[in-house]
Each structure stands twice: as structure tokens, then as C-alpha cells.
Amino acid sequence: MLATSLRSDPCGLLRLEDVGRTVQLGGWVHRSRDLGGLVFIDLRDRTGLVQLACGPAWSAAETLRLAAAVGVESVVLCEGEVVAREADRVNPEMATGAVEIRVTALTVVGPAVTPALPVARGRGEKMAAEELRLRHRYLDLRRPELQDNLVLRHRLLQVTRRYLSDRGYLELETPILTKPTPEGARDYLVPSRVHPGEFYALPQSPQIYKQLFMCCGFDRYFQVARCFRDEDLRADRQPEFTQIDIEASFVEREDILALAEGLLGALWTEAGHAIPAHFDRMSYADAMEFYGCDRPDLRYGLRLRDYSSIFAGLDFAVTRSALDAGARVRGMVVPGGAAWSRKQVDELEALAKSAGAGGLLRLRHADGAYDGPLAKFLTDDARAAFGLADGDLALFVAAPDRIASPALDRVRQECARRLELIDERQQCFLVVMDFPMFEQDHVTGALTAVHHPFTAPHPADMQSFPDAPARWRALAYDVVLNGTELGGGSIRISDPAMQSRMFSLLGIGDVADQERRFGFLLEGLRAGAPPHGGIAFGFDRIAMLLSGAPSLRDVIAFPKTTAARSLFEGAPVAVPIEDLEALHLAVTGPLA
RNA sequence: GGGGGCGUAGCUCAGUUUGGUUAGAGCACUCGACUGUCACUCGAGAGGUCGCGGGUUCGAGCCCCGUCGCUCCCGCCA
């Protein structure tokens, strides 16, 4: 299949059954060994390595000379016969190790300068620094590890397209030059040449366009969508990233979730993993109550509990004042945690404090005795109620949930890490749903959308609490794997009046303002909108997880650094002043 | 915007604790030897703005100040 005019076979697929064939190969010199009379070259292409053997019995003197002189990473074409190696010359570590090519002709078609960083590494030899790998990306991408990652990425994309297309989903494209959105992340802006002072934005997601597709009657849509967000980076966050974006009409939440389960099943299967056909569901409220976060890692227990009623019976000042202030005392039991030193538990407390908690209360039960600041306040009833086994350590935070939950979440994760409770082979998929519709600033009381402003609230909540939107839950859902969010979505608002009310609740009360910012969505909804909803998956993150790569940069061909630069091609750059003038722009500040 | 780590030969690193002769090693590179290697082996050689700028000192890779780059985390990411 990979044969061309210049080559008959790829290097890495030659086997014993090819013995006797005359082949033409093309590839990169991975390594070479010049033994004087004999020269061996490991020739590499994206399928793997094969050994070329050059010797006076079958190679011309000029061929031998060329083979001895060619530098690593040069591109050569060669012709030769596939021969079986003698038993003691077989290399069991090579896929092609049972054969070699007796070279009869060799041409160096792409001589290479000495590479700035090694492509072929010795066993145990470290990789070059990432900065250099990014600067010389053309070399780094030659490494089999990165080639494998990008090949897997390709396969995952093909599976995605086949899976969705087979189910009637249409792959439709949306603009890259779009309208700036006032909410959410910072936009990348693109100045308009023909309209002085006006700007396009690169899309943060195709959200509004895909809802409009639903209004148009394209009732099943998907897109492998490039999205852009001008925010600071992380190992798992790039300014430009790829989403699998999905939307469908005449659906309810479970329709979308069933599709999500099927698609992720197909992707994980492609990467060689078996996963359950159905994911567990958990409410946001339960996730926060029992795990302290909205994307719990269920590979281990250490569930949180509310210990308020026990502490209510204890005359302990710290918890007393918290309870009196309306807060709760929540915590967890860590089996075996009593063996930790004072210093180790102090480190846990530091974690809790860094997450905003005032402290981390501890109660040790070891050698039949209880100790910790609480110990002398314990009643017999309380002792029994805590239910600590010998060797257990109980940890508590007495604070409002918005402080205690994130603090206990971090403590829980660190305890699991220390106790090595995490089975890396386990894949715990989970759907978290019934998110609150709004997040309320606990000082100003202002509402912001937890998901986005197009998400439909739970009808039951609107009925039960018509005047208390802060209590509404949203028809939103996230798919979580082992504590990582893979994707999320919602049932959308399809009633234009409701959408308008939603904007008002979010502080865009002025109708003219709503029309100016979101008129193109409202018009679409008014023109007859079906009930619809969807989901979007972070494709780079999925490719990272399935390839086992430690960073998003290892599954993206040309990624940005944490300062949002491309070291390879060198972007961004200053541009000539005439170019700015054509765009009606002037740069201010120290570089102007 | 804030905090931590790193920056010495083309690459990976040692040297910085306690300032002191000419800054070292492995790999890669160049030259030479070698007919069964597969991280070939052996011999020789070349290769340095110790990220950059300033300061302290008789003397700075090492100490101080600043700055740049990469990276991890917090903020941020509807």
C-alpha cells in the first residue's frame, strides 16, 4: 500500500516471507556501524527500522564508500535483496530482525547536517530538553514515540468520524473568523483591514453556530473543531486545541450521554482498552458532598462524611464556633494514616490551607489510644460514632462547604497518592450531572453561568423556585475519567423568551444589549427551534490519555510553549509598521 | 499577575555547598584501524559568550542585583 515509484516497500514491515525479493527502500539513516569491510545501516521510516548490510561480496566499492560516509538522519534510496539472517545474527529486539537487505545500490538523496539533537537514543539515554525539542521539532517528530502518538491521534480521528457519520451525524464546518464573545475566556482577536477599528475573534468553541445548525434542521452535527482561548497555559492546556463537538435535535440528556458512552467506547477500543458500555451517573451535589470536587477520581474510596452531628456534642472551641456560624464539620477516615508522622500530617494540613482552609483537624487512633487536639474532648458516644479502627487517622475541616470541599478534595487526593491506592490500570468513567445553573458570588450575590448561558435549567427547579434562580440546577453534564474531565455538554435553551430571561439573570438585562451581542442566536431561536443539546470532548486530552503521553505537547505536532510561543516557526512576531497601518493599528508600550 | 524548579561543549550531565592554576565526563562530530555488527570496538583530534547584563572581589561557572528562556503549580480557563 505504501509502494511508490521510488520504493517498493516500507522499511519496518519486511519479514521472512519477503526473503528472496529485490526491494527498493527509502528512509532515514537511524544509525550506522562501519566495521571496515562491512557497513551496516539501520534505515528508518514511519513503519520502523530495517538493517541494510553492505559488503564487498554483493555491493560495489562505490556503494560501500557511500554507505560508510553517509551521516545519520540523511535520506537514502537503496536497492537490494531481502535475505534471511543466520540464526546467530538474528536481532530479536527488532521487528525486522530476522532479515536484512543486501544492498546493491545506494543513493544519498537528502544529505543531513549533523542533527541538533539526537533522534536515535541509546538505551537509558535521556531526551533533549523540551525547549530544544520544540525548537527543532522537525527532528523531534522523527522519534518513533512521537510518530506513534500522532499515528494514534489519526486513528482516533478516523474512528470518531466513522462512528458519528454512521449514526447520521453530519460533519459541518463553522467559521474561524467569528464574533468576539463578551463572556468566558479571553478571545484571540483578528483586526479587520476593510473595517477600521473592528475585529473578528477566533472561536472559543462553535457553540452558537452548532445551535443554529439545529434551528436549520441539520438535526445531527459534529465537527473536529479547532478552538482558541487566550488564557495562561498548563501541561494539559494549549491556547489552540481540538474539540469533538456534537449537537443533536429532539434529544434529552440520556440520548446525548448514550452517544457519548458509545463514542468513547469506540475510541478506547481503538486504543486497545476495554471499557464499560454504561458509565455511572452521579449528581453534582453528591460529587461535592462525598468527594469535594465535581470530577471525582473513583479509583479509590476515602469518601467524605459530614461529622457535624458528632461535633455538635463536643465542647471543642474550633468546631463549636464553625457550627455556630452555620458551617459544617466534614472529613474522612484514612485507614493506616495513624502511622504517618506529625510532619507528614502537617504537610497535609499545609495542602488544606493552600486550598483556603483555616486548618486540618486530626484524630489518631493507634495502639488502643486516641490522640490529637480533639482527644481529650471525646465522649464515649463520639468515640463510637467516629468508628475509627486501630491505625486509622481521621481528618476534618470545619468551614463553609465552598472552603471545606476543595480543601478536603486536595487532602483526599494526596492521601490516596501516599497510600498508593490508585490502580493505574483502572478506568473509572463517570457522568456528573445536575450541576447548579449559576455560581453566585458569595459577596456581591451576582450570578454567573456555571456551564454557559445557553444551558437549559431543570424545568422542575424553575417550577419549584421560580424566584430563586440561584437554586436552579442545569441540564448539564460532564464525562469524567479518573478525576479528569473528558468533555461536557448540556441540553440547550430552545425557547427565545427563556434565553432572553437567562441573559437578564446573568446581568445583561437590556434587550438592545442582548440583541447586539447574541441577536444572531435569538433570531435563530425565534425562527422555530427544535429541542436540542450536545456535548464537546477535549480531543487532545483524550489522545494524551490514550497514548500515555505526559503532556498535551506530545500529541500535538507543533504545540505552543507555556508562554504561548511557537519555538519552531517563531510566533508571534513583530510585524512591519506598514502592515499595522493597513490594519489601522498602532502598538503602544515599550516595544512600540 | 504570583510562587517553585531548571539554564555549563551539538545532546545528556558533573563541577556551584567552602570563589583560586589551563572548566571535565559520556554520547554525537572529524581523522585513522577493523568482514557480522545491531548503543559495534579500538586509537587520535576538534569542540566552551558557564543563558544575557550589571555589581562585589586581587580573582566569579560558583556570591549579590537585574533580566531572558523553558517548565510545574496557583490565579485564570462561560
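None of the values given here were measured: they were computed from a predicted structure. Throughout, a chain's letter reflects where its sequence line sits, starting with A, and its residues are numbered from 1.
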With a 3.5 Å cut-off and just heavy-atom distances, do the side chain of [X] and the base of [N] make a donor-acceptor pair?
X: A:Glu131; N: B:U71; value: no
X: A:Asp232; N: B:G75; value: yes
X: A:Arg565; N: B:C70; value: no
X: A:Arg85; N: B:C38; value: yes
X: A:Glu100; N: B:G36; value: yes

Can you measure [X] atom [atom1] to [N] atom [atom2] for me and round it to whole angstrom units?
X: A:Arg135; N: B:C11; atom1: CZ; atom2: P; result: 11 Å
X: A:Leu64; N: B:G36; atom1: CG; atom2: C1'; result: 14 Å
X: A:Leu35; N: B:C40; atom1: CG; atom2: C1'; result: 6 Å
X: A:Leu49; N: B:A39; atom1: CG; atom2: P; result: 11 Å
X: A:Leu351; N: B:C73; atom1: CG; atom2: C1'; result: 12 Å
X: A:His452; N: B:C77; atom1: NE2; atom2: P; result: 15 Å

When both hydrogen-bonding distances must be under 3.5 Å and the geometry is Watson-Crick or G-U wobble, what is [N] paired with, if anything?
N: B:U35; result: none
N: B:G26; result: B:C11
N: B:G75; result: none

Report task. Write down the distance separating the P atoms in B:G61 and B:G51, rounded off to the nearest Å. Result -> 10 Å
Nucleotide nearest [X] (side chain, heavy atoms from C-beta), chosen from [options]:
X: A:Glu125; options: B:C38, B:C34, B:C27; answer: B:C27
X: A:Arg553; options: B:C72, B:C38, B:C29; answer: B:C72
X: A:Arg33; options: B:C40, B:C72, B:C77; answer: B:C40
X: A:Arg229; options: B:G36, B:C77, B:C73; answer: B:C77
X: A:Arg234; options: B:C38, B:C70, B:C76; answer: B:C76
X: A:Pro118; options: B:C11, B:U35, B:C70; answer: B:C11

**Report entry** Nearest heavy-atom neighbours spanning A:Glu231 and A:Ala185
**Finding:** OE2-CA, 3.5 Å
Query raised in the report: Is any NZ, NE, NH1 or NH2 atom of the basic residue among A:Asp513 and A:Arg516 found under 4.0 Å from an Asp or Glu carboxylate oxygen of the other?
Result: yes
Query - A:Gln51 vs A:Arg33, side-chain hydrogen bond (donor to acceptor under 3.5 Å, both in side chains): CA-CA, chis, key distance, verdict - result: CA-CA 10 Å; A:Gln51 174 166 279; A:Arg33 295 171 291 280; 2.9 Å; yes
